Visitor: 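One structure, pasted below without further comment.
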Number of protein chains: 2
Amino acid sequence: MIEQATKDVVERRRGSGVKLVYDILRDEILDLKLAPGSPVDEVLLAERFQMSRTPIREALVRLAGEGLIETLPNRSTLVSNIDLLNLNTYFDALVLMYRVTTRLAAQNHNAADLVAIRQLHHQYAATVEARDLREMIAVNAAFHTAIAEAGRNPYFTGLFRRLLDEGRRILRLYYNSYEEQFPQRFVDEHDEIIAAIEGRDLEAADRLGKIHGEQIVEQVQRMFARNQKLDIAL
Amino acid sequence: MIEQATKDVVERRRGSGVKLVYDILRDEILDLKLAPGSPVDEVLLAERFQMSRTPIREALVRLAGEGLIETLPNRSTLVSNIDLLNLNTYFDALVLMYRVTTRLAAQNHNAADLVAIRQLHHQYAATVEARDLREMIAVNAAFHTAIAEAGRNPYFTGLFRRLLDEGRRILRLYYNSYEEQFPQRFVDEHDEIIAAIEGRDLEAADRLGKIHGEQIVEQVQRMFARNQKLDIAL
DNA sequence: AAAATACTTCTTGTCGACAAGGAAAATGCA
DNA sequence: TGCATTTTCCTTGTCGACAAGAAGTATTTT
């Protein structure tokens, strides 16, 4: 059935619609399936998800609360643009949160946390092996989120999650066409980070988190510089 | 007219209702005019603000997104409780953000920022003088928010604002009946912080931010300890 | 033909009504 | 009386319809 591609679900439990729409749209935005700046039409979404505009709207309000979409009063709502001009403030926040969450994980994790972290680590290695870019980016974010959760500080976890979300969009933006040697190095660094956490070595965890974060920042900056050259060349 | 006390406004511009409700409810929650755990009834609010439940609901969704209210599916929505058991994670986040935002303000502020900061500083001193507790707490939060804004990192500013909001509730909780010598010391510390920012002394700003944060944490912990004794004594 | 004005269209914002889920109250049964 | 079951009630969740604001298009006026 081809219709299945555009319509989702038929019968739902009361109250589940908002979460469904929120989750799907969030993923589509973060995977750049919905391009930054593209319009988000409530009526279209209502048709697609087979529900009225009310729950759609509620999902959109939540997405707007996280800055993933922007609402122009009385006119339209758009997928938020990626702010490339202020990347440095993004990087500042990202690196600090890498440090803090990894350090706290070393301090506060329990056995179950380590199991979850390792599981995602293996999953990440597998996606690298398979060269599945979209999954790689998503699983990497999940891996670091799991570390943050193990740190047991919901304030940091919340900010970090938002930063990793934004990172998914930025990475996809640059990794759209070509590939890098990026992956394997990061698998190794993940290994070291896990070891530091398990050994409850706060300073090492902090240091490795910082290095890992800066590694990613450099990578993105390199890609950014090269892309700018390409733009000029055209 | 006595009715005016419970009803607000009569004519509004389309789209302004949500912001109105959001702002008012947010303030009422942060000032503990709405007690933690107390119910938030959509129908009552609709009557009070003279509008339908739809815009009320949207405001509530936004408040829920910031963790100020909690929604029990199909049942009721409540003002979020203050999590006193996990105060240490709150303090960790608060102190770090005091440091980071003050440091960044020293680095990135401009002349206009300093004017705004000084203005709030004077306002704070005035509320201390007047012993107006509610204003004191609110203006203090605004003062530090202004410093964070001068730091020009929206990620940190966003988290810090949420932490200061939560701080408003915690402070009000303890300062409900009796007073402290708390104020004057903080006015002086604010002075020092402003000087460090103006002098673009990053290390000093960082250090003073840390001290200031820890100062407040200590104060709250002292009050907390004493209150516990009181509870036991009763 | 250019500018101002009116009209159309498109999308969001708001409304009133109804349905569903859950909790408490009322009822039936042993 | 004690317990299970039904009923009522209260609040939220969803719907379809309509109104308002803004942008673009057509029309009039000079």
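No experiment lies behind these values; they were computed from the predicted model shown. Lettering of chains follows the sequences in order, A, B, ..., and the numbering in each one begins at 1.
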Visitor: Check whether any side-chain heavy atom of A:Arg172 lies under 4.5 Å from a side-chain heavy atom of A:Leu133, and answer yes or no.
Guide: yes
Visitor: Does A:Val61 reach a base, just sugar-phosphate, or nothing at all? Heavy atoms under 4.0 Å.
Guide: nothing
Visitor: Starting at atom CD of A:Glu58, determine the distance to atom P of D:dC15, rounded to an integer number of angstrom.
Guide: 12 Å
Visitor: Which residue, A:Asp41 or B:Val18, contacts DNA chain C at a nucleotide closer to its 5' end, judged by nearest heavy atom?
Guide: A:Asp41
Visitor: The side chain of B:Val43 is closest to which nucleotide in this list: D:dT12, C:dT11, D:dC15?
Guide: D:dT12
Visitor: Side-chain donor-acceptor pair under 3.5 Å between A:Gln119 and A:Tyr124, yes or no?
Guide: no
Visitor: Among A:Arg134, A:Arg168, A:Lys33, whose side chain to side chain donor-acceptor pair (under 3.5 Å) with A:Asp27 holds?
Guide: A:Arg168
Visitor: Where the side chain of B:Met51 is concerned, which of D:dC15, C:dT12, C:dC15 is the nearest nucleotide?
Guide: C:dC15
Visitor: Rounded to the Å, how far apart are A:Leu44 CG and C:dC10 P?
Guide: 13 Å
Visitor: Would you mind classifying the nucleic acid contact of A:Thr54 as base, sugar-phosphate or nothing, using non-hydrogen atoms under 4.0 angstrom?
Guide: base
Visitor: Using whole Å, report how far CD of B:Glu42 lies from C1' of D:dC10.
Guide: 12 Å
Visitor: Whole-Å distance between D:dT11 C1' and B:Leu72 CG?
Guide: 11 Å
Visitor: Could you state the atom-to-atom distance from CG of B:Leu78 to P of D:dT11 in whole Å?
Guide: 12 Å
Visitor: Rounding to a whole Å, what distance do you find between A:Arg53:CZ and C:dT12:P?
Guide: 7 Å
Visitor: Run the salt bridge (charged side-chain N to carboxylate O under 4.0 Å, His left out) check on B:Asp31 and B:Arg169 step by step: do they pass?
Guide: CA-CA 6 Å; B:Asp31 285 341; B:Arg169 300 216 301 170; over 6 Å; no
Visitor: Let me know the distance between CD1 of B:Ile69 and P of D:dT11, rounded to the nearest Å.
Guide: 16 Å
Visitor: Are B:Thr101 and B:Thr157 close enough that some pair of their side-chain heavy atoms sits under 4.5 Å apart?
Guide: no
Visitor: Any side-chain heavy-atom pair from A:Ile117 and A:His190 closer than 4.5 angstrom?
Guide: no
Visitor: Are the charged groups of B:Glu28 and B:Arg48 less than 4.0 angstrom apart, N to O?
Guide: yes
Visitor: Would you tell me if any nitrogen or oxygen in the side chain of A:Ser52 comes within less than 4.0 Å of OP1 or OP2 on D:dT14?
Guide: no
Visitor: Restricting both atoms to N or O, compile the protein contacts to nucleotides 19-21 of chain C shorter than 3.5 Å, with distance only.
Guide:
residue	atom	partner	partner atom	Å
C:dA20	O4'	A:Arg14	NH1	3.1
C:dA20	N3	A:Arg14	NH2	3.3

Visitor: Given atom CD1 of B:Ile56 and atom C1' of C:dG16, what is their separation to the nearest angstrom?
Guide: 15 Å
